[in-house]
Amino acid sequence: MMSNCLVKASREETPGREDSRLGPPDGQQDPGSKEVLLLMQALNTLRTPEEKLAALCKKYADLLEESRNFQKQMKLLQKKQSQVIKEKVHLQSEHSKAILARSKLESLCRELQRHNKTLKEDNLHQARKYEEERKEATAHFQMTLNEIQAQMEQHDVYDAKLRQENVELGDKLKKIIEQYALREEHIDKVFKHKELQQQLIDAKLQQTTQLMKEAEERHQREREFLLNETTETRLKFEELKQQESQLKQQLSLYMDKFEEFQTTMAKSNELFTTFRQEMEKMTKKIKKLEKETVVWRTKWENNNKALLQMAEEKTIRDKEHKALQVKLDRLEKLCRALQTERNELNKKIEVLQDKVTVLDGDALNGDFLKTDPAEESSEGISEKKHPGIQPITRPLLSEEPVPVQKTFSTGPPSGIDSVD
């Protein structure tokens, strides 16, 4: 009787109230109200309130476990989010450092390029200057060599002329000596002839003496003339020797100048080689810096890619977090609705218990031990009035609660959940 009354009261009171409570206000239905409607429909399929309570308790326990799991997942996601934020800050700092290093490297590269340009221009200017000086020195040296060669040729010609003159003078001296020897022989012959003819030509002695004196005077004059010519030729020869010594001194001076020019050229070549080595070193440094800039650029690109991936992962996780938050809000609403319904059902059960106690008291007072046909007819009339209420034909404890499951869509939150 108690169970029949409870079932009748629950069947009588719940439909109207469910319709009044679960009806969407102003023709609008939110996903929470739809879930509640689906849950109430699933509960209406059950026959007894105890089954409903068992199903609600099981559903509440499942929802509590899911909420705990969601809270754990939320904590893990918050930790991951904090780690991601820290990594993002660290990557941003590294990115800023990389940008600063890149700017410094670009400024250094520009300064190196400017320095290289200035060095190239200075080297080209110095090389042109040295080349011009070398050309001028070689031209001057060639001019001096040509002048020296011309002077040497002139001196050779003059020496050849002097040699020819000396040879001619020697030949003349030889001829004069031969003539003098011949004359002496002739004079000796004449003296002999005169001595032989002295006795014969006493009258012509004075004439011969005069002729001899004149011949001796001529001979002395010629001798003096030849002596003067020889002294003059000797003086000229000494002068030529002095000129030759002066020319040798000039040649030695020119040779010293040429050696100095060679030393200056060697120094300029050494300077040019040193400049070339410095240029090669600078080119090597520039290549190293270019390689370092390429490495830093690749690192920067990799960091950018990692940052983009992290941002995409963060957006995905934010979406998942929002979906989970929406699901949690729905579950909280559903739990609140279930709690209110449970409280209402508890109140109804208390009211029904009070009614049952009153009915039991009335039955004890009237000593109705058996049911009258009038009561059966009244029960039949009540069943006809309430066709949705049926008597319980099996014990309540033996019945197993129907499992109520809530399926969540793994995709984007659509606001509609199904209850199996």
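The side-chain heavy atoms of L108 and E111, taken from C-beta on, include a pair separated by under 4.5 Å. Looking only at side-chain heavy atoms (C-beta outward), L173 and T230 come within less than 4.5 Å of each other. D318 is listed as a side-chain neighbour of K314, based on a closest heavy-atom distance under 4.5 Å. Between M279 and K120, the closest side-chain pair of non-hydrogen atoms falls below 4.5 Å. Using a 4.5 Å heavy-atom threshold, the side chains of E313 and M310 count as touching. Residues R276 and E280 have side chains in contact (heavy-atom distance under 4.5 Å, counting atoms from C-beta outward). Between L53 and T48 the shortest side-chain heavy-atom distance does not fall below 4.5 Å. Between L328 and E66 the shortest side-chain heavy-atom distance does not fall below 4.5 Å.
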**Prompt:** Does the pair K299 and E94 meet the rule for a side chain to side chain contact (heavy atoms under 4.5 Å, CB included), with working shown?
**Reply:** CA-CA 10 Å; K299 287 182 180 179; E94 286 183 353; over 6 Å; no
**Message:** Before you tell me yes or no, could you show the steps for E278 and L119 under side chain to side chain contact (heavy atoms under 4.5 Å, CB included), namely the whole-Å CA-CA distance, both residues' side-chain angles and the distance that decides it to 0.1 Å?
**Reply:** CA-CA 10 Å; E278 287 178 356; L119 283 172; 5.6 Å; no
**Request:** Under the side chain to side chain contact (heavy atoms under 4.5 Å, CB included) rule, what do T138 and Q142 come out as? Steps first, then yes or no, please.
**Result:** CA-CA 6 Å; T138 51; Q142 191 68 32; over 6 Å; no
**Message:** Test side chain to side chain contact (heavy atoms under 4.5 Å, CB included) on R317 and V84; report intermediate values, then the result.
**Reply:** CA-CA 11 Å; R317 286 175 183 173; V84 167; 3.5 Å; yes
**Verdict with reasoning, E136 to H140, per side chain to side chain donor-acceptor pair (under 3.5 Å)** = CA-CA 6 Å; E136 288 177 357; H140 183 67; over 6 Å; no
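Taken from CD in E224 to CD in E229, the straight-line distance is 12.5 Å, to the nearest 0.5 Å. The CD1 atom of I85 sits 10.5 Å away from atom CD of Q92, with the distance rounded to the nearest 0.5 Å. Atoms CD and CZ, on E222 and F225 in that order, are 9.5 Å from each other to the nearest 0.5 Å. Taken from CD in Q262 to CZ in F141, the straight-line distance is 7.5 Å, to the nearest 0.5 Å. How far OG of S268 is from CD of E133: 9.0 Å, rounded to the nearest 0.5 Å. The distance from atom CD of Q73 to atom CZ of R68, rounded to the nearest 0.5 Å, is 14.5 Å.
A ring-centre distance under 6.0 Å is not found for Y130 and F272.
Heavy atoms only, all atoms of each residue included: L63 and C335 are closest at CD1-SG, 3.7 Å.
Residue M152 places its CE atom among 12 or fewer non-hydrogen atoms of other residues, nucleotides or ligands, all under 6.0 Å distant.
Under 4.0 Å is where a charged nitrogen must lie from a carboxylate oxygen, and between R134 and E131 at least one such pair does.
For the pair R102 and W300, the cation sits on the ring face: its NZ or CZ lies under 6.0 Å from the ring centre, inside 45° of the axis.
In this model, no donor atom of one side chain and acceptor atom of the other lie less than 3.5 Å apart for Q151 and H155.
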